[in-house]
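Report on the structure given below.
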Amino acid sequence: MNSQKIRINHLSVEYRKVQALRDISLEIVPGKVTGLIGPNGAGKSTLIKGMLGLIPSTQGEVSYGNQPLKQQLSKVAYVPQRSQIDWTYPVTVWDVVMMGRVRQTGWLRGFSPSSKNKAKEALMRVGMSAYTNRPIGQLSGGQQQRVFLARSLTQGGEIFLFDEPFVGVDHRTEEIIFDIFQELAQEGKIVLVVNHDLGESITNFDHLILLNREVVAYGDRQSVLRAENLERAYSGRVRFFNLEEDYDDRRTQCKRHPR
Ligand code: ADP
Ligand code: MG
């Protein structure tokens, strides 16, 4: 079973003099579903891109095991935020899922039967087998996210990074996706999920990273979701009811405070 961690050490990112991330240091462990939360503009997407070396950092490093993470991208399955995907691109569900095998196979060599089986299994696992030949642009938001999840499963990496996978997704799909995240964690994968919503679904995360340009808190869900942490991250714009009480048994009380 994989026991390698991602270690982020003093990572800072600037966009043309705007400091998006300041001195981020933390660890992301396998075997847990970790949520990356924080207000809009907190730098959540920037953190994922910075970890992968997709944008330059001004300082710091990110390792996985004993090597820089950006030198091990073949182990990473990354699903970007919806807004960064071109949904009009004329590809079918099958094409999207098979893209998960390109790195292993290469476009020109054709896909092996085992690659195709992996893709079929993944589509079944997310409940999308019936849509195999549909153009991706014709699906609902929830169906599209399931297809991208299937692609990441087909790729078969060790590290799974999802940026806001629940935007525009129905409740049933959210449950399916969280179940798969839990299964991946139990297989010893690293699972990091950006989620800006602090609704009930937050109880599906084992660990949380609360970000607002810097790390406000990270660790066990309960220890992160304390009033003083949320106050610092959200400047008092979000509150929880009975926060200090046992969170797990009181799912229904975790709500946005009426404004
Ligand atoms: P989040 O994902 O938490 O909403 P982002 O990581 O997208 O936040 O953005 C963090 C900050 O960096 C925001 O202030 C945003 O406006 C800025 N930013 C993000 N991407 C760029 C970019 N390509 N160029 C300039 N500024 C950016
Ligand atoms: Mg974002």
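Order of appearance sets the numbers: ligands from 1, and atoms from 1 within every ligand. As a basis for the values below, the full set of heavy atoms in this structure was taken, side chains included, without hydrogen atoms, waters or symmetry mates. The chain is numbered in sequence order, starting from 1.
Looking only at heavy atoms of the protein, atom 19 (C) of ligand 1 is closest to Tyr15 CE1, 3.4 Å. When hydrogens are left out, the protein atom nearest atom 14 (O) of ligand 1 is Arg213 NH2, 3.0 Å; that is the closest non-hydrogen contact. For atom 7 (O) of ligand 1, the closest non-hydrogen atom on the protein side is Ser45 CB, 3.9 Å. Scanning all protein heavy atoms for the shortest distance to atom 8 (O) of ligand 1 gives Gly43 N, 3.2 Å. Annotation: atom 10 (C) of ligand 1 to nearest protein heavy atom, Gly41 O, 3.5 Å.
Every N/O-N/O distance between Ala20 and ligand 1 stays at or above 3.5 Å.
Across Tyr78 and Lys49, no two heavy atoms sit closer than the pair OH-CG, 3.8 Å.
Of all protein atoms, those of element N, O or S that lie under 2.8 Å from the Mg ion (ligand 2) number 2.
Distances from ligand 1 to the non-hydrogen atoms of Gly38 include no value under 4.0 Å. Judged by the shortest distance from any of its heavy atoms, Val18 lies outside the 4.0 Å radius around the atoms of ligand 1.
Near Thr46, meaning under 4.0 Å from any of its heavy atoms, are these atoms of ligand 1: 5 (P), 6 (O), 9 (O), 10 (C).
Counting heavy atoms under 4.0 Å from ligand 1, residue Lys17 does not touch it at all.
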